[in-house]
Number of protein chains: 2
Amino acid sequence: MKREGAPRLIDVAEAAGVSLASASRAMSGGSGISPEVAAHVRGIAQQLGYEPNMHARGLAGGLVPTIGLVVHEIGDPYFSDIASGVIRSATLENRSVQIAQAERTPDSELAQVKSLMRQRIGSIIIAGSGYADSQREQRMSDALVDFTLAGGRVAVIGRHYLPVDAVLPDNHRAGVSVGRHLAELGHRRIGVVAGPLELNTVADRIAGLREGTDEPGVELTVVSQAFTREGGIAGARELLGRGLTAIVGLNDAMAIGILSELRQHGIRVPEEMSVVGFDDIAVAADVAPALTTARIPMFDMGQHAVSLILRPASDEPRTIATSHELIIRQSSGPPAPVAI
Amino acid sequence: MKREGAPRLIDVAEAAGVSLASASRAMSGGSGISPEVAAHVRGIAQQLGYEPNMHARGLAGGLVPTIGLVVHEIGDPYFSDIASGVIRSATLENRSVQIAQAERTPDSELAQVKSLMRQRIGSIIIAGSGYADSQREQRMSDALVDFTLAGGRVAVIGRHYLPVDAVLPDNHRAGVSVGRHLAELGHRRIGVVAGPLELNTVADRIAGLREGTDEPGVELTVVSQAFTREGGIAGARELLGRGLTAIVGLNDAMAIGILSELRQHGIRVPEEMSVVGFDDIAVAADVAPALTTARIPMFDMGQHAVSLILRPASDEPRTIATSHELIIRQSSGPPAPVAI
DNA sequence: CTGAAAGCGCTTACAG
DNA sequence: CTGAAAGCGCTTACAG
């Protein structure tokens, strides 16, 4: 019998000679169905080109296949690269992705996650760094556990302390690499323009820096600013006149701001001051001078997050560790004889 | 009577003393209901904190409030800035946004739009430049008209020839400004590294450049490459040795690639070669040398597109024109005595 | 303009 | 493990 429009689950069920209920269980990967029947139904579904109606699923109490991605700010290259990786992988898997912006405020982040859940979205990827505020993270943790119990899939980028799958940026070791690079060049008085100290990303990178510069005579001066180019500018301003020979920005946006501020003051990089960043966003190679930075594979991290989401849930949270690469360009060199 | 969970439309209807059907018409802005009743129902809904269940709507044949945004590539700053504007405005209006990537292939763009429609998404914003291929655009046009007829809202960025609301980037006049700037500086042999010629954005900017350089003795040499940094590099390579004193990249990514290639060859900018871009993406100010470019307000364009979507449909497609601003930085100057 | 009723395509107790 | 049935919360002909 010919039928208008897309095939429905009932069509699949009929073609497979099973009940609607069984077909549903076969497609939703639910338990309570024999593997043979499930495989058979899925085969028929494939043949018929069946695509589940997400609204029917959502209404009936199921979860829809859409992936919700929570970022701090999509205009930030760090997040847009992650988003690009997520969308690329999701599209290959025929999944839609919905993006929510937390605008860099932690409460809004939780609100976005809850809004995603309310929409019965089946998978959530949280790309933003976690916060050190344990009360807040506890509330996030509670929400995610509830969601997981209801069949939702979650992957976070960073935030290994949350009881969900995670892809781990190599922040600590990247910090070590940067610190060691500077220390080996001979820098002793090093400034750090950090983002908000309550961000785990910031804490991890700073800890790495400390470890990498753990030599006699090395002194780190840390100031905290917004995690943006403007924050970098403000931080550089704070740090000038403190007798430093190098400044590290805790992300490339900040480092670029630092570069800009130093240029304003006519301070030559790297002759008078070395500058190093984190992430290796696309333009890091093109700023003046080209930025030395610890590359974090944002795009890949996005793809990894999707791969975690796609696997069925397991008892133990899983983790995908990523690596970093120190990219040495023109903005770092030996310290000047006279510090600034 | 207390009730678990969120209020449903039936709860609103009861509280307002009307039928479910009337409540539905009041909320969905449909016709066939008196303005007084509609206002009353909406008041009650507001009071109760009613939020429509999008899955029920979608299932029942309505359109869901989600905004679908189609970009070429979210990792490209041009698009991530637009996306940021879209998401910002959408969030304020309590609307979700779903992003689809067309990966710079026109067929995929149409496929993405159709997929959005299949999901019963009520609003679609197409951010990518249109293509000169009229057959292809005809198919897109047909799809969008059907969608509009079914109550969907569409806004495109660029593509004024499509029968839908549009926000218009100031591409032509930006081209004029860039062309005039170079001509006034005294450049006569100017290279242009264009993106794919079938992109309207490219055509408009080139037309503007021609108009702005329409003086005796000025000659434009145009080559076409991918609309990316790598395209800029390849284009610069093609253009070297042709006796030019200036090269314009048709977007900043290309211009930055051009800068990079010139640096490889030891050609000083702007002393030996001027370079100008389009868009003013965030890093244009930080590359070496700082890039002269025609600023296009991507973030605002995203917000404008949402504002178009939010207005009820009208008979005539509406249009929001935007402006540009020529930002003169260090990458442009008078021509060198000896062209390259 | 207003209302009663059918139906959208699923999932999930509830029985067996 | 399998199936019959109820129900999720809306929209939209169909009547009036």
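We name chains A, B, ... by the order of the sequence lines, and we start the count at 1 in each one.
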### Task
Report the base-pairing partner of dA4(D) (Watson-Crick or G-U wobble, both distances below 3.5 angstrom), or none.
none
### Query
With both distances under 3.5 Å as the test, what is the Watson-Crick or G-U wobble partner of dA13(D)?
none
Of all the heavy-atom pairs spanning [X] and [Y], show the shortest one and how long it is.
{"X": "A150(A)", "Y": "L63(A)", "value": "O-CD2, 3.5 Å"}
{"X": "A15(A)", "Y": "L48(A)", "value": "CB-CD2, 4.1 Å"}
{"X": "R42(A)", "Y": "A26(A)", "value": "NH1-O, 2.6 Å"}

### Message
Go nucleotide by nucleotide along DNA chain C from the 5' end; which of N53(A) and S34(B) gets its closest nucleotide reached first?
### Response
S34(B)
### Query
Between P35(A) and L20(A), which has a closest nucleotide on DNA chain D that is more 5'?
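So the residue in question is P35(A).
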### Query
Mapping H55(B) and A21(B) to their closest nucleotides on DNA chain D, which lands nearer the 5' end?
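By nearest-heavy-atom nucleotide position, the 5'-most residue is H55(B).
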### Task
At the 4.0 Å heavy-atom cut-off to chain A, mark where contacts on DNA chain C begin and end, going 5' to 3'.
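Nucleotide range with atoms under 4.0 Å of chain A: dG9(C) to dA13(C).
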### Message
Could you walk me through whether D142(B) and R139(B) satisfy the salt bridge (Lys or Arg N to Asp or Glu O under 4.0 Å) test, starting with their C-alpha distance in whole Å, then the side-chain angles of each, then the deciding distance to 0.1 Å, before giving a yes or no?
### Response
CA-CA 5 Å; D142(B) 291 348; R139(B) 267 178 292 153; over 6 Å; no
Show me the side-chain donor-acceptor pairs of residues 301-310 of chain A shorter than 3.5 Å, one per line, residues at least two apart or across chains.
unit_1: Q303(A); atom_1: NE2; unit_2: S89(A); atom_2: OG; d: 3.1
unit_1: H304(A); atom_1: ND1; unit_2: D300(A); atom_2: O; d: 3.2
unit_1: S307(A); atom_1: OG; unit_2: H304(A); atom_2: O; d: 2.7

### Query
Hey, are Y161(B) and E137(B) close enough side-chain-wise for a donor-acceptor pair under 3.5 Å?
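Checked: E137(B)/Y161(B) side chains pair up, N/O donor to acceptor below 3.5 Å.
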